[in-house]
Amino acid sequence: MKNFILLSLSLILVIGSSQNVQAQTPSTEIQNMLEERDQEIKTLLGPKGSEYTDQQRNKLKDIINGVIDFKAMATYALGDTYSTLDEATQVEFVELFATIVRDQSLNKLDIYRADVSYKSIDVNADKARVETLAVLDEVRTPLYYTMKKEDGEWVITDMIIDDVSTAESYNKQFQRIINKRGFDALMSSLRKRAARG
Amino acid sequence: MKKFLPIFSLLLISFSLEIQAQDTLQISLQQFLDKAIANSGQIKHANTKVNLAENRVKEAKDQKYLPSLEFRSEHAAVPGVSSPNDFPEKQIYLDPDAKNDWSKIGVYTRLRISGVQPVFTWGSVNKAVHAAELAVKASEFEKDVTEAELTARLFELYYSYVLALEIERLLDDANSKVRQIERSLDEAKSESDSDVDETDVYKFKIFKSQFEIQKAEVEQNLLFVKGVWDYVLRGEDNVTYEPSVRYLEKEAVALQTLDHYKASAFNNRPEIRGLEAGIKALDRYIDFQKAQNLPGLYFGFTTTFASTPIRPRQPNPFISTPENTFNTALGFSIRQNLNLFQVKNKIERSKLEMKRTTLLKTAAQDGIMLEVSEAYKDANLADVKVQRTEEALNTSKEWVRMEQLDYDFGIGEVKDLIDAMKMELELRLKEKEYIFELNTSMVKLNKAAGLPLVQPQNN
């Protein structure tokens, strides 16, 4: 049911802030960051079947979602409508969007145990596209990240999971709701969903 | 299930039953082929035919040196001889009343050795050897045909296991999604302001039952394939095997033109090459028969030695007794077969055999061209099926995502999500089945074209 979002977030686990960047090429910098983050999450997860405290869950949530540029993703998802909103609504929209994504990231922790291999990392100025393959229980899922460098750090702006773009899916989804029911109905759905946790 | 039955039936005739399997060992396609082919009764049978043909070459070569060499010994109990007129022992032959003396019994021994060596036979021996060597080639090509057919079936069997594993994983994944839907439905139904439509619940229940049937089918298929594997590989030392290839992927081989495969088949098919070798062998055999019917020059010898100690050796060179003798003879001889009608008939029969084989080659070429065209059509169609299914699958993935988001935001319908998930699952299964179909079609096409069947494994 919520696999899409869960899977989306499973990918985020491999993303983190860049550390120890010393004379590295951008692609090495990205890969090192992703691998370090991946390792950090796996260490926190511990063995299969572990129980987690609220504190541990919050820490996992932070690490997993720490490198997503929610504003960029939310802006893209809302499309042209975003620019028509007042600032307060824009902020609320981004917050709701981030809350939903962050909450769902912990619904199925096993997916963060997937083995991730890097197929290619193409960097063009301050943008990058990373191709990876996640393997869990012999199920392979191709994952692509589009990233950008912001304030000296690489962040994710979109994830293409199993050939489907996350930002694009949200975009289509939100446009449909807006066209059918209007923006207020969308915000209402988002608030309801965010409150559910 | 239907897909696996013919493979199993075909393999049944090749292997004998012996199943012992406990520990699991992963093997590559090549290891699987090597092991299964080594166990194959068909290949052993084909090897025996090659061995027999090779034996005939040796037999033909043996005709070069002393093709006829014989040794014989004879032994008997014989009486002595006495002279009533008291002739001395060395002159007993002069006594007209000489007779056997049964009071004395001795051992009679005779040894004979004789041989014939062809000197000039119009090259008939070399022609026979050449014909036999060509017959070996023909039998080797016959073995290649058997091996290619078996390899194609084994390839299908190997990847049947991989396909079954892939489908098992797909269903496992789908199973967890089904459980999630069920939980969501239960949660929604338990809410006080539940707006869950009972129709959706019924539809979901039906879907779940159908899904369980699919799961059972896959489990049975997997068991079946495992059984055939054990059967084919004859699990030894408590070992059972499974494929080291874990993912069924489209082979990275582009389909060539039909003409390319036809030309290849014309040049490489072992059936045609075997028939060509057979025609050449028959041609040489006719030459051999013709040479055999010409007068041949031979050198022969024979030596005889006989000894009976109780009977006197006569010193007279003009008197020879069979009991005590030693003589040797050698010389040349010319041999000519005069049964001309039989000779003519034999040659005629060989010519007819050659004509029959030539016609067989033409018929085989016609059949092979049809086989190539059909295999090409199948491979082409399978390629299109894979491509189009991949496109449809991508669309279905987007559809599922959309329905998931709709449902997640509380504006979606369960039935829409179920429909989307059903479609995605069906397309995922179809995609794997079509990839299997494409890969096996390519192997069949390569076999039809006489090309190497197995490409390097890609995972």
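Just so we're on the same page: letters track the sequence lines, and every chain starts at 1. Remember, it's a predicted structure, so these values are computed and weren't measured experimentally.
Checking side-chain atoms of A:Gln56 against main-chain N and O of A:Thr53 turns up a donor-acceptor pair under 3.5 Å. A donor-acceptor pair under 3.5 Å links the side-chain atoms of B:Glu166 to the main chain of B:Leu248, judged by distance alone.
Only the side chain of A:Gln173 has a heavy atom closer than 4.5 Å to any heavy atom of chain B. For A:Ile177, the part lying near chain B is the side chain, with the backbone staying farther off; criterion is any non-hydrogen pair under 4.5 Å.
At most 12 heavy atoms of other shown residues, nucleotides or ligands fall within 6.0 angstrom of atom NZ in B:Lys208. By the neighbour-count criterion of 12 heavy atoms within 6.0 Å, atom NZ of B:Lys430 is sparsely surrounded, having that number or fewer from other residues, nucleotides or ligands. Within 6.0 Å of NZ in B:Lys397 there are more than 12 heavy atoms belonging to other residues, nucleotides or ligands. Within a 6.0 Å sphere centred on CG of A:Asp62, other residues, nucleotides and ligands contribute more than 12 heavy atoms.
For B:Glu426, there are no salt bridge (charged side-chain N to carboxylate O under 4.0 Å, His left out) partners, not counting sequence neighbours.
For a heavy-atom cut-off of 4.5 Å, chain B lies close to no residue in residues 80-98 of chain A.
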